[in-house]
Amino acid sequence: MRDKGTERWSTYESFFVALSDKKVADIVVTNHARTRYLDRVEHGEKDNNEIAAWMWECLKQDRIKPYYRNEQDVYLIDEDIVVVAEFTELENELDIYGNILHKMIIVTFLGKMSETMELRDLKTYYSWLRHSRRMTLIKNGRKRK
């Protein structure tokens, strides 16, 4: 993605896009994120490269915003799709000013806020998940081992 050429001769896309305080130079989509994307965002066949290319376009068009002002792991795309991402520093890669570049790892797609009303307040949603019967069963299962 970083070295992708454009239609014009001898031009290349910018090699990083700023997102909050991160300079994203590469996007990695996990297999879990891919399955969640296909289940919750868009049904059909897409591989990780197509999803990463779509995410890169969203980044370039400034369509990705942080979900919370102070936390930097949950993001909104087009104010509808909720994404969880982590960042790691790219080793031995700096921008022209010597700043560190980051790799954006898409952990999961939580879904669309327009379809899942619980995603409108993630803190309440996670609190509900933590106290649900399923999580209680998982916690009790861990204690027995």
Side-chain angles (χ1 to χ4, degrees), residues 1-132 134-136 138-139 141-142 145:
M1 218 173 348
R2 287 180 282 165
D3 300 326
K4 183 180 171 187
T6 59
E7 298 289 324
R8 292 177 43 196
W9 182 77
S10 186
T11 58
Y12 292 88
E13 292 185 0
S14 59
F15 63 93
F16 73 86
V17 178
L19 179 65
S20 301
D21 63 337
K22 309 283 190 234
K23 295 184 179 205
V24 179
D26 196 10
I27 297 176
V28 174
V29 178
T30 61
N31 286 333
H32 174 76
R34 179 182 170 271
T35 56
R36 294 294 183 177
Y37 178 86
L38 296 175
D39 287 345
R40 298 177 177 178
V41 177
E42 187 175 321
H43 304 286
E45 287 295 318
K46 284 203 172 192
D47 62 6
N48 290 0
N49 292 334
E50 291 172 321
I51 296 170
W54 173 73
M55 290 289 297
W56 187 252
E57 287 300 317
C58 291
L59 266 176
K60 288 190 326 186
Q61 296 169 359
D62 199 26
R63 294 166 41 197
I64 299 178
K65 305 286 183 203
Y67 188 92
Y68 294 113
R69 193 175 309 158
N70 296 329
E71 296 181 24
Q72 297 183 0
D73 57 347
V74 182
Y75 293 89
L76 278 175
I77 300 173
D78 297 332
E79 298 183 9
D80 189 31
I81 300 169
V82 183
V83 177
V84 177
E86 294 178 348
F87 295 91
T88 61
E89 294 178 357
L90 288 170
E91 294 179 19
N92 302 326
E93 294 199 34
L94 305 171
D95 67 356
I96 198 166
Y97 299 109
N99 297 319
I100 298 169
L101 298 176
H102 296 89
K103 180 191 304 184
M104 182 180 194
I105 302 170
I106 307 299
V107 177
T108 189
F109 288 90
L110 294 178
K112 293 182 175 180
M113 287 193 329
S114 59
E115 295 174 0
T116 309
M117 301 304 278
E118 292 85 8
L119 293 175
R120 293 179 188 268
D121 185 8
L122 273 185
K123 289 183 179 173
T124 306
Y125 179 66
Y126 280 125
S127 174
W128 173 78
L129 277 180
R130 262 185 259 122
H131 296 95
S132 68
R134 181 173 170 254
M135 285 305 285
T136 304
I138 290 171
K139 287 177 188 172
R142 287 183 191 152
K145 292 180 182 176

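Note that the numbering runs from 1 along the sequence shown for the chain.
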**Criterion side chain to side chain contact (heavy atoms under 4.5 Å, CB included) on Tyr68 and Asp73, from CA distance to verdict** = CA-CA 9 Å; Tyr68 294 113; Asp73 57 347; 5.8 Å; no
**Item:** Atom pair OG1/CG of Thr88 and Asp26 - distance to nearest 0.5 Å
**Value:** 8.5 Å
**Asked** Sequence neighbours excluded, which residues qualify as side chain to side chain contact (heavy atoms under 4.5 Å, CB included) partners of Leu94?
**Response** Ile100
**Residue pair Pro66 / Tyr75: nearest heavy atoms and the distance that separates them** = CA-CD2, 3.6 Å
**side chain to side chain contact (heavy atoms under 4.5 Å, CB included) against Val82, all qualifying residues, sequence neighbours excluded** = Tyr67, Val74, Leu76, Leu110, Met113, Leu119, Leu122
**Item:** Which residues share a side-chain hydrogen bond (donor to acceptor under 3.5 Å, both in side chains) with Asp78, sequence neighbours left out
**Value:** Arg63
**Residues in side-chain hydrogen bond (donor to acceptor under 3.5 Å, both in side chains) contact with Arg120, at least two apart in sequence or another chain** = none
**Prompt:** Partners of Asp39 by side-chain hydrogen bond (donor to acceptor under 3.5 Å, both in side chains), sequence neighbours excluded?
**Reply:** none
**Item:** Over all atoms of both residues, closest heavy-atom pair of His32 and Val107
**Value:** CD2-O, 3.4 Å
**Asked** Atom CD1 in Ile77, atom CG in Leu59: separation rounded to 0.5 Å?
**Response** 8.0 Å
**Item:** Listed partners of Asp47 passing salt bridge (Lys or Arg N to Asp or Glu O under 4.0 Å), at least two apart
**Value:** none
**salt bridge (Lys or Arg N to Asp or Glu O under 4.0 Å) against Asp80, all qualifying residues, sequence neighbours excluded** = none
**Complete:** Here the ring-ring contact (aromatic ring centres under 6.0 Å, His included) pairs for residues 96-116, sequence neighbours left out, are Tyr37-Phe109
**Item:** Point-to-point distance, once rounded to the nearest 0.5 Å, from CD1 of Ile27 to CH2 of Trp54
**Value:** 10.0 Å
**Prompt:** Heavy-atom count around Glu45 CD within 6.0 Å, excluding the residue itself: above 12?
**Reply:** no
**Message:** Tell me if the NZ atom of Lys46 is crowded by more than 12 foreign heavy atoms within 6.0 Å.
**Reply:** yes
**Fill in**
Rounded to the nearest 0.5 Å, the CE atom of Met104 sits from the CZ atom of Phe16 at a distance of 15.5 Å
**Prompt:** Are side-chain heavy atoms of Ile51 and Val41 found at a separation under 4.5 Å?
**Reply:** no
**Complete:** Residues passing the salt bridge (Lys or Arg N to Asp or Glu O under 4.0 Å) test with Lys112, sequence neighbours excluded, are none
**Request:** Please name all residues satisfying side-chain hydrogen bond (donor to acceptor under 3.5 Å, both in side chains) with Glu79, sequence neighbours left out, ordered by chain then number.
**Result:** none
**Message:** Is there a side-chain contact between Asn48 and Asn31 in this structure, where contact means two heavy atoms from C-beta onward sitting under 4.5 Å apart?
**Reply:** yes
**Request:** Please report the shortest heavy-atom distance between Ile106 and Ala33, naming the atom on each side.
**Result:** O-CB, 3.4 Å
**Message:** Tell me every residue that passes salt bridge (Lys or Arg N to Asp or Glu O under 4.0 Å) with Lys23, counting only those two or more places apart in sequence or in another chain.
**Reply:** Asp95
**Request:** Just jot down the side chain to side chain contact (heavy atoms under 4.5 Å, CB included) partners of Glu91, sequence neighbours excluded, or say none.
**Result:** none
**Prompt:** Is Thr116 close to Arg40 at the side-chain level, that is, under 4.5 Å between some pair of heavy atoms?
**Reply:** no
